[in-house]
Amino acid sequence: MGPAAGPAAGPPPVALVTGAGSPRGIGFAAARRLARWCGAVAIAATGPRIHDRVAELMGHGADVLGLTADLTDPAAAQELVGSVVARFGRLDIVVANAGIAPQGEAPALLPFAELPADAFRRGLALNLDTAVHTLRAALPPMLERGYGRLVVVSSVTGPMVTNVGDSAYATAKAGLTGLVRTLALETAALGVTVNCVLPGWIATDSSSPRELRAGRHTPAGRPGTADEVAAAVEFLCRPDCAYITGIGLVVDGGNTLQEEKGAAPF
């Protein structure tokens, strides 16, 4: 049997989800779904509220581990993955969701010409480096075992569309798309799939009134939910999702399809 069979023929998989500290965020919604069929789920965030999420996940069926890590630091990412492997013996699924800004830190939204260089670099660190460091740490043990599911939560902003003041965020998310495609090519024959999910306007605790208003102008007539994005993440994490790699799965209520926004077409 080839390496792509993975844990489908063995024990339930072990998953790690980063950026899972918010109770209404995409990361925690993904962790909730994975906890229903994975043997163990490790969740990570930058602060201690992750332990509240652990308590909420108890009873979903999986062994749950909560960890704190600043994933802009590559050493912290290595330590995070090492802790999961040390606790559970392996790592089968990684959902790289950490991004935007840590709790209490507001992202800089300025035109590129006015954006200080350090603020631009901070945006890249939060939204690109966090995933890069996580994937760099997680990929070697997956390749060694010949099995893995890597799913990056990106955005339609950058790969497909953008907004005024979002230069750092859009650059980071577009970079993630290129990374996912390259890693998918490098690992396709080695039992590891690498994909990304591209949300549009999604209602979470970090959504601004402007973002929620934009969500109401999608063809679906509302912003999406974290659980709707998590459903796409879960699909790409499944053991039998072995022949899908290198894709960007858009979850945006059809918003990137429409040219005319802000008014009903009929």
Item to check | Trp37 vs Pro12 side-chain heavy atoms within contact, under 4.5 Å | outcome: no
Checklist outcome for this item: When rounded to the nearest 0.5 Å, the distance separating CG of Leu16 from CD1 of Ile93 is 10.5 Å
Next on the checklist: When you group the ILVMFWY residues by side-chain heavy-atom contacts below 4.5 Å and let the links chain together, are Val54 and Ile26 in the same group?
Outcome noted: yes
Next on the checklist: Using side chain to side chain contact (heavy atoms under 4.5 Å, CB included), reason through Arg90 and Tyr147 one step at a time and then give a plain yes or no.
Outcome noted: CA-CA 10 Å; Arg90 68 187 196 282; Tyr147 181 87; over 6 Å; no
Item to check | Common cluster, Val180/Ile247, ILVMFWY with side-chain heavy-atom separation under 4.5 Å | outcome: no
Item to check | Partners meeting side-chain contact (heavy atoms from CB on, under 4.5 Å) with Pro111 (sequence neighbours left out) | outcome: Glu114
Next on the checklist: To check you understand the geometry: which heavy-atom pair defines the closest contact between Thr245 and Thr193, and what is its length?
Outcome noted: OG1-CA, 3.5 Å
Checklist entry - Rounded to the nearest 0.5 Å, how far does NE2 of His60 lie from SG of Cys38? => result 13.0 Å
Item to check | Connected via hydrophobic side-chain network under 4.5 Å: Leu34 and Ile244 | outcome: yes
Next on the checklist: Measuring from atom CG of Leu128 to atom CG of Leu179, what distance do you get when rounded to the nearest 0.5 angstrom?
Outcome noted: 7.5 Å
Next on the checklist: Is the shortest side-chain heavy-atom distance between Arg149 and Leu236 below 4.5 Å?
Outcome noted: no
Checklist entry - Which atoms form the tightest heavy-atom contact between Asp92 and Pro13, and what is the distance? => result OD2-CA, 3.2 Å
Next on the checklist: Taking Ile202's backbone N and O only, do any of them form a donor-acceptor pair with Thr225's side chain (distance below 3.5 Å, no angle check)?
Outcome noted: no
Checklist outcome for this item: Rounded to the nearest 0.5 Å, the CG atom of Asn127 sits from the OG1 atom of Thr72 at a distance of 11.5 Å
Item to check | Residues which pass side-chain contact (heavy atoms from CB on, under 4.5 Å) with Thr187, listed by chain and number, not counting sequence neighbours | outcome: Leu139, Leu143, Val192, Val194
Checklist entry - For Phe88, which residues count as a ring pair (Phe, Tyr, Trp, His ring centres under 6.0 Å) partner, sequence neighbours excluded? => result none
Item to check | Shortest non-hydrogen separation from Val41 to Ala31 and the atoms involved | outcome: CG1-CB, 4.2 Å
Checklist outcome for this item: Sorted by chain and residue number, the salt bridge (Lys or Arg N to Asp or Glu O under 4.0 Å) partners of Asp70 (sequence neighbours excluded) come out as none
Checklist entry - Quick one: CD1 on Ile43 to CZ on Phe28, what's the gap to the nearest 0.5 Å? => result 6.0 Å
Item to check | Close side-chain approach of Tyr169 and Thr162, heavy atoms under 4.5 Å | outcome: no
Checklist entry - Counting N and O atoms only, with roles assigned by atom type, does the side chain of Gln258 sit under 3.5 Å from a partner on the main chain of His217, one being a donor and the other an acceptor? => result yes
Item to check | Gap between atom CZ of Arg24 and atom CG of Asp205 - 0.5 Å precision | outcome: 5.0 Å
Checklist entry - Is there a side-chain contact between Ser22 and Arg49 (heavy atoms, below 4.5 Å)? => result yes
Next on the checklist: Using only atom types and a distance under 3.5 Å, with no angle test, would you say the side chain of Asn97 pairs donor to acceptor with the backbone of Gly19?
Outcome noted: yes
Checklist outcome for this item: Applying salt bridge (Lys or Arg N to Asp or Glu O under 4.0 Å) to Glu56 and not counting sequence neighbours gives Arg53
Checklist entry - Should Ser154 and Val197 be marked as a side chain to side chain contact (heavy atoms under 4.5 Å, CB included) after you check the CA-CA gap, both sets of side-chain angles, and the distance that decides it? => result CA-CA 6 Å; Ser154 180; Val197 173; over 6 Å; no
Checklist entry - Under 4.5 Å between any side-chain heavy atoms of Leu91 and Val81, yes or no? => result yes
Item to check | side-chain contact (heavy atoms from CB on, under 4.5 Å) involving Arg181 - partner list, sequence neighbours excluded | outcome: Thr177
Checklist entry - Does Thr134 use its side chain to pair, donor to acceptor, with the backbone of Thr130 at less than 3.5 Å? => result yes
Next on the checklist: Who clusters with Val250? Use side-chain heavy atoms, under 4.5 angstrom, across I, L, V, M, F, W and Y, and order the result by chain and number.
Outcome noted: Val156, Met160, Val161, Leu198
Checklist entry - Asp63: what forms a salt bridge (Lys or Arg N to Asp or Glu O under 4.0 Å) with it, not counting sequence neighbours? => result Arg87
Checklist entry - At their closest point, which heavy atom of Ser83 faces which heavy atom of Leu67, and how far apart are they? => result CB-CD1, 4.1 Å
Item to check | Results of ring pair (Phe, Tyr, Trp, His ring centres under 6.0 Å) for Phe235 - residues two or more places apart only | outcome: none
Item to check | Modelled atom types, side-chain donor and acceptor of Asp166 and Asn163, under 3.5 Å | outcome: yes
Next on the checklist: Is there a side chain to side chain contact (heavy atoms under 4.5 Å, CB included) between Val95 and Cys237? Walk through the geometry before answering.
Outcome noted: CA-CA 8 Å; Val95 178; Cys237 291; 3.9 Å; yes
Checklist entry - salt bridge (charged side-chain N to carboxylate O under 4.0 Å, His left out): which pairs involve residues 211-222, sequence neighbours left out? => result Arg222-Glu228
Checklist entry - Are Val17 and Leu249 in one and the same hydrophobic cluster, where Ile, Leu, Val, Met, Phe, Trp and Tyr link if side-chain heavy atoms are under 4.5 Å apart? => result yes
Next on the checklist: On a heavy-atom basis, which atom in Ser167 and which in Phe112 lie closest, and how many Å separate them?
Outcome noted: OG-CD1, 3.7 Å
Next on the checklist: When you group the ILVMFWY residues by side-chain heavy-atom contacts below 4.5 Å and let the links chain together, are Ile50 and Val64 in the same group?
Outcome noted: yes
Checklist entry - For Arg121, which residues count as a salt bridge (Lys or Arg N to Asp or Glu O under 4.0 Å) partner, sequence neighbours excluded? => result Asp129
Next on the checklist: Taking side-chain hydrogen bond (donor to acceptor under 3.5 Å, both in side chains) as the definition, give me every residue that meets it alongside Asn195, ordered by chain and number, with sequence neighbours left out.
Outcome noted: none
Checklist entry - Side chain of Lys173, backbone of Ala168: donor and acceptor closer than 3.5 Å? => result no
Item to check | Closest contact, heavy atoms only, Pro223 versus Leu212 | outcome: CG-O, 4.1 Å
Item to check | side chain to side chain contact (heavy atoms under 4.5 Å, CB included), paired with Pro74, selected from Arg136, His133, Glu79 | outcome: His133
Next on the checklist: Could you check whether any side-chain heavy atom of Val233 comes within less than 4.5 Å of a side-chain heavy atom of Arg33, counting everything from C-beta outward?
Outcome noted: no
